[in-house]
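Both ligands and their constituent atoms are indexed starting at 1 by order of listing. No experiment lies behind these values; they were computed from the predicted model shown.
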Amino acid sequence: MELYDNNPTLDLNKEQVEETRQGDVFFKEQMLKKTEGSHKKFYIESYGCQMNFSDSEIVAAILSDMGYEPTREMELADLILVNTCSIREKAEDTVRKRLRVFDKLKEKNKGMLIGVLGCMAERMKHTLLEEEKLVDIVLGPDAYRDLPNLIATAEDGDKGINVFLSREETYSDINPVRLDNNGVSAFVTIMRGCDNMCSFCVVPFTRGRERSRDLFSIIAECHELFGRGYKEVTLLGQNVDSYKWKNPENEQTVDFGDLLEAVAHVSPNLRVRFSTSHPKDISDKVLYTMAAHENICKYIHLPVQSGSSRILKKMNRTYDRAWYMQKIDRIMEIMPDCAISSDVICGFCTETEEDHQDTLSVMKHSDYSMSYMFFYSERPGTLAERKFEDDIPEELKKRRLEEVIRLQNQLSYQHNLRDIGKTFKVLVEKVSKRSEEELAGRNSQNKMIVFPRADVQIGDYVYVKVTDCTQATLRGELVSI
Ligand code: SAH
Ligand code: SF4
Ligand code: F3S
């Protein structure tokens, strides 16, 4: 209103002013719609580990610089991307099924481009283009900066492929566009690749050599997230405990303990989580740093894979059963309130009943709050595929897996039962799936707790006293402290 009132060249009465204003707003809306419409749209689906989800946010940033906008409706997309996982055969099968769905869309909309990103792109390289005729772009995890070139190539009607693995790329200067996010919790990648060569694992081949991201860019990203209202960061890497970065200013080497300490200082109200730890690398320094900071969550994902020293040796995990159990004891000694979770593989090459029993007993000793459990899936090119026979029949693998799952369910339930009566600080993340009247968030130990909504907001810290539990969730009531 002021604008018109103070403009001497426009001699308008009140109604005319209102009309012009409305016309102006209408015009702006039309213009916005027009520019929105002229932006190309991309649709991205991610599979596999958290690192892949984090990478999709880097890809989204690169696309947004090109003027692309994200869409949740694949029918509206000019570009469909699928960020893939190769860890087990089933993961690749899922992606192939999704590609059939995208192919159907492309048959209707010839201008649409389809790109395969991530580990399956890296593993299969050109073969993927031969097998999947409607795929236009194949892009490995270290080549995302090349996406604009490959899109241009594909728009010209050629196939675009870049599966170059780098020794340096960490995308440290790219500010990720947060996708499908609750605005409370974000992933921050701190390193890429893996040098461990576990004999069953395809990751060193799909993600290349291990390299750590520059400390300052990590801290800057965490500050920026906190400034935007985020309350939790999860530092990501295949093996976070081997983080190592040399500060060019003073030639000092920063390790994971130092990094954790620095991130913990961003704000006492920013929670810090990390994943994944390798039992051989997690140090006392890291454990003491965790214990010293309330905002570093008391939760460690420490995959055991197997409880048998003989199998661990074959897996090339570089620790044995006794060493692993000692590590668990050390964690509990330094942080008695720490929760530990694991990954377990059943039916690895030559696994006997005795080896399997060893796995069950390590699980009991470790008192895991949760585990991800799999049966062994042979992956092309891995050490195990080249050296050992995949000799455990599928039925036996599955029976052992069922036993492992049954035990973990009991352990999780008992773990949760012990929390009844305790009060936890919870970061509120979302409305509960079951009821609009309830909210859900995690405690430091990474357990989901559901409680009545009251006037609490998503992103708040609240105190909840646990009153009940299932094997998967705790329930409780708000208390003031
Ligand atoms: N870097 C992490 C996890 C990598 S992959 C770590 O070292 O712990 C996640 C999990 O998938 C692994 O921990 C392992 O339990 C499982 N996994 C990897 N390769 C597998 C295979 N060939 N068959 C079945 N499970 C596998
Ligand atoms: Fe794979 Fe082992 Fe590296 Fe984990 S540490 S990504 S299991 S090779
Ligand atoms: Fe899968 Fe690659 Fe992660 S193989 S588990 S997406 S590193």
Side-chain angles (χ1 to χ4, degrees), residues 45-56 59 82-95 116-124 140-142 163 165 187 189-211 236-243 274-282 300-307 311-312 314-319 324 340-349 351 359 363 368 370-386 388 390 392 394 397-398 400-401 404 408:
E45 265 180 28
S46 310
Y47 294 88
C49 61
Q50 293 165 329
M51 296 214 59
N52 247 19
F53 285 75
S54 174
D55 278 4
S56 292
V59 170
V82 52
N83 199 353
T84 60
C85 174
S86 284
I87 202 83
R88 287 168 288 275
E89 202 175 345
K90 221 171 116 200
E92 292 197 350
D93 292 345
T94 311
V95 167
V116 178
L117 315 176
C119 292
M120 200 171 157
E122 190 64 50
R123 191 185 76 72
M124 296 186 65
D142 284 347
V163 286
L165 280 177
F187 295 133
T189 296
I190 61 160
M191 58 199 297
R192 303 182 68 83
C194 183
D195 282 352
N196 278 330
M197 287 291 177
C198 302
S199 64
F200 51 80
C201 184
V202 79
V203 172
F205 304 96
T206 62
R207 296 231 155 213
R209 299 306 296 269
E210 188 176 285
R211 67 221 95 120
L236 290 183
Q238 293 300 347
N239 185 9
V240 288
D241 298 278
S242 63
Y243 176 88
F274 54 88
S275 188
T276 303
S277 295
H278 194 299
K280 81 174 158 64
D281 292 319
I282 189 161
I300 302 176
H301 185 58
L302 198 72
V304 68
Q305 313 299 358
S306 166
I311 294 291
L312 285 168
K314 260 185 128 57
M315 286 177 161
N316 202 20
R317 286 292 285 184
T318 68
Y319 54 84
Y324 183 89
I340 303 170
S341 61
S342 191
D343 292 348
V344 178
I345 299 179
C346 299
F348 187 63
C349 316
E351 187 187 71
T359 297
M363 289 175 71
Y368 296 132
M370 202 264 293
S371 289
Y372 297 101
M373 299 152 284
F374 317 98
F375 62 81
Y376 174 57
S377 163
E378 187 178 77
R379 305 311 292 139
T382 55
L383 234 69
E385 187 254 354
R386 283 180 280 136
F388 314 129
D390 180 14
I392 308 298
E394 194 162 314
K397 283 182 183 173
K398 287 190 173 160
R400 287 180 185 163
L401 177 61
V404 162
Q408 183 55 58

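Listed by chain and number, I87, R88, F200, Q238, T276, P303, Q305, R317, D343, I345, F374, F375, Y376, S377, R379 each place a non-hydrogen atom less than 4.0 angstrom from ligand 1.
At least one heavy atom of R317 sits less than 4.0 Å from an atom of ligand 2.
Under a 3.5 Å cut-off, the side chain of D281 and the backbone N or O of S242 do not form any donor-acceptor pair. Between the side chain of S341 and the main chain of S371, no donor-acceptor pair closer than 3.5 Å is present. The backbone N or O of P141 lies less than 3.5 Å from a partner atom in the side chain of R192, making a donor-acceptor pair. Between the side chain of R386 and the main chain of G381, a donor-acceptor pair closer than 3.5 Å is present.
For ligand 3, the atoms closer than 4.0 angstrom to any heavy atom of Q238 are 7 (S). Listed by number with element, the atoms of ligand 2 under 4.0 Å from a non-hydrogen atom of P204 are 8 (S). Counting the atoms of ligand 2 from 1 in the order shown, those under 4.0 Å from a heavy atom of V203 are 6 (S).
Taking atom 1 (Fe) of ligand 2 as the reference point, the nearest protein heavy-atom neighbour is C201 SG, 2.3 Å. When only non-hydrogen protein atoms are considered, atom 5 (S) of ligand 2 lies nearest to N196 ND2, 3.3 Å. Nearest protein heavy-atom neighbour of atom 8 (S) of ligand 2: C198 N, 3.4 Å.
A cation-pi arrangement is present between K314 and F388 under the rule of less than 6.0 angstrom and at most 45 degrees off the ring axis.
Shortest non-hydrogen contact noted between T206 and C119 is OG1-SG, 3.3 Å. Across all their heavy atoms, Q408 and M363 have their closest contact at OE1-CE, 3.6 Å.
No donor-acceptor contact under 3.5 angstrom links the side chains of N316 and S199, judged on distance only. Neither side chain, E351 nor S306, offers a donor N or O lying under 3.5 Å from an acceptor on the other. Remark: the Y47 side chain and the E45 side chain contain an N/O donor-acceptor pair separated by less than 3.5 Å. Between the side chains of S56 and S46, at least one donor N or O lies within less than 3.5 Å of an accepting N or O. Side-chain polar atoms of D55 and N83 form no donor-acceptor pair below 3.5 angstrom.
Salt-bridge annotation for D142 and R209: absent, with no side-chain N of the basic residue lying under 4.0 Å from a carboxylate O of the acidic one.
When non-hydrogen atoms are compared, ligand 2 lies under 4.0 Å from neither the backbone nor the side chain of P303. Heavy atoms of C194 found under 4.0 angstrom from ligand 2 belong exclusively to the side chain.
Around atom 1 (Fe) of ligand 3, the protein atoms of type N, O or S found under 2.8 Å away are C85 SG, listed by chain and number.
Classified by interplanar angle (parallel below 30°, tilted 30° to 60°, perpendicular above 60°), the ring pair Y319/Y324 is tilted.
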